[in-house]
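Quick note: residue numbers are just sequence positions, from 1. Ligands are counted one by one from 1 in listed order, and the atoms in each one are counted from 1 as well. Since we're looking at a predicted model, the values are computed, not measured.
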Amino acid sequence: MIKVAKFGGSSVADAAQFRKVKSIVEADPDRKFVVVSASGKRDGDDNKITDLLLLVNAHIQYGVDCASLLATIEQRFLDIALELDLSFDLATEFMRIVDHLKEFSPEYIVSRGEWFTARLMSEYLGMPFVDAADVVVFHHDGTIDMVRTQTKLREAVIHTGGSFVLPGFYGATVDGQIKLFKRGGGDITGAILARCIDAGLYENWTDVSGFLAADPRIVESPRGIHRITFEEMRELSYMGASVLQEEAIFPVREVNIPIQIKNTNAPEEFGTIIRETANEHAREHLITGIAGKKDFVGIYVQRAHMSNEIGCVRRALSILERYGVSVEHIPTGVDSFSIVVNGNDVKDTIYSIVADMQRDVQPDSINVLPGLALISVVGRNMSRRAGTSGQIFGALGEAGINIRMITQSSQEISIIVGVQNEDFEKAIRVIYDRFGDAVVVRER
Ligand code: ASP
């Protein structure tokens, strides 16, 4: 099986991390394709090379001398090269950049973080270097040209004898103009490579052991999620449990290549496998994970006999559309509905929105409920189990937590409860304690 192994910034931050990457790559002969981010932070106070390069651009833009900044960047790479005894000629390359600084585009300069990191990694691993500018092809509008990219990547596989190191995060248009993905976009490069060469697995090496069933700042030592579907992952990421760049998922999801999140600092840990379906295992957890966010606002609209009228909800929604506010949930009653929105999106406009609703919907009352926290309990196994939501509500009730809102996603993979901000952490703990480790045994 071909594996694409993508290493994030912290996994390639210094020589010690490079050593870990090497032992990971050498531990599995299937790991033939390596994608790297630019060196990231070595510790909390450090800077990512990409951020320093963005700063170089700002210096150029405002005509401020950036020689010492470039020297700092060069030194980061020199430290790695020196410690690992690499011969790549960093000095000449940096001189070339310094000499032509004003001629390079801002994208070109930022892309050098990945370029240098991949150059050094290629020498260190003894694997050929392939420049993303030659194989990852962008349209001029900044979107990826998958057809050309696939052809180029497959050619690169043949030319290199079936193994190489590729810098992430950038590519180029057919006329050679460097283009960048958005921040964190090295994950996208890895996914595109995996797809274009029909990899069996896309490994994404980072500094955490995948997804946890709950936020460790709230729940003490939550269990890791070993298997998750793309759909479940979207639900959890949306609610803040984010490990992977959202856009990185689509190239591999479409062709059903699984992604495994792994920890460079703890490679023995299983991490998380994300795939389209995950039902081949007889014993699975009832709940895959719990995630949530605070500071939503509920707008509660009530109007007698609304159930006999058409268009009330539409009018209310079109007001929010006008204000550019996206809607999270719309729980409805017979003569009422609530619209739940992100508090931040309406912090300056809520009074105008309510006034517009008074005018256009003519309700009997509108109440605004701020400080709402939403908790999403996610699990592909919940739909076949009667009583899950009953138990969630029961557990919260026993703990004295008032539920302000309830919704369930249409495919029944998540149950969302709204509680007051101040009950948020307690509610997550209560649900985790009731379900965190519960297992369902499937009938075969
Ligand atoms: N180096 C880029 C960034 O810091 C891309 C990446 O790390 O994936 O955003």
Novice: Please confirm whether Gly113 approaches ligand 1 to less than 4.0 Å, judged on its heavy atoms.
Specialist: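 No, that is not the case, since the closest heavy atom of the residue is not under 4.0 Å from the ligand.
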Novice: Ala38: what forms a side-chain contact (heavy atoms from CB on, under 4.5 Å) with it, not counting sequence neighbours?
Specialist: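 With sequence neighbours excluded, Ala38 shows a side-chain contact (heavy atoms from CB on, under 4.5 Å) to Ile49, Thr50, Glu114, Thr117, given in chain and number order.
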Novice: Hey, does Gly184 come in under 3.5 Å of ligand 1, counting only N/O atoms on both sides?
Specialist: yes
Novice: When you measure from atom 4 (O) of ligand 1 to every protein heavy atom, which one gives the shortest distance, and what is it?
Specialist: Arg183 NH2, 2.9 Å
Novice: Which protein heavy atom lies closest to atom 8 (O) of ligand 1, and at what distance to 0.1 Å?
Specialist: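 It is Gly186 N, 2.8 Å.
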Novice: Which ring-ring contact (aromatic ring centres under 6.0 Å, His included) pairs, counting each pair once, include a residue from residues 207-244, with sequence neighbours left out?
Specialist: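 Checked against ring-ring contact (aromatic ring centres under 6.0 Å, His included) - neighbours excluded - the pairs reaching residues 207-244 are His226-Phe270.
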Novice: Quickly, which of Lys262, Lys6, Arg31 forms a salt bridge (charged side-chain N to carboxylate O under 4.0 Å, His left out) with Glu203? Name it, please.
Specialist: Arg31
Novice: For atom 7 (O) of ligand 1, what is the closest protein heavy atom, and at what distance to 0.1 Å?
Specialist: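 Sorting protein heavy atoms by distance from atom 7 (O) of ligand 1 puts Ser37 OG, 3.0 Å first.
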Novice: Relative to the ring of Phe181, is the ring of Phe138 parallel (under 30°), tilted (30 to 60°) or perpendicular (over 60°)?
Specialist: tilted
Novice: So, is Lys48 polar-close to ligand 1, with some N/O to N/O distance under 3.5 Å?
Specialist: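 No, since none of the N or O atoms of Lys48 sits under 3.5 Å from an N or O of ligand 1.
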Novice: Can you check which of Glu114, Lys6, Lys41 brings a heavy atom nearest to atom 5 (C) of ligand 1?
Specialist: Glu114
Novice: So, do Phe116 and Phe94 have ring centers that fall under 6.0 Å from each other?
Specialist: yes
Novice: Please determine whether the number of non-hydrogen atoms from other residues, nucleotides or ligands lying under 6.0 Å from atom CG of Asp43 exceeds 12.
Specialist: yes
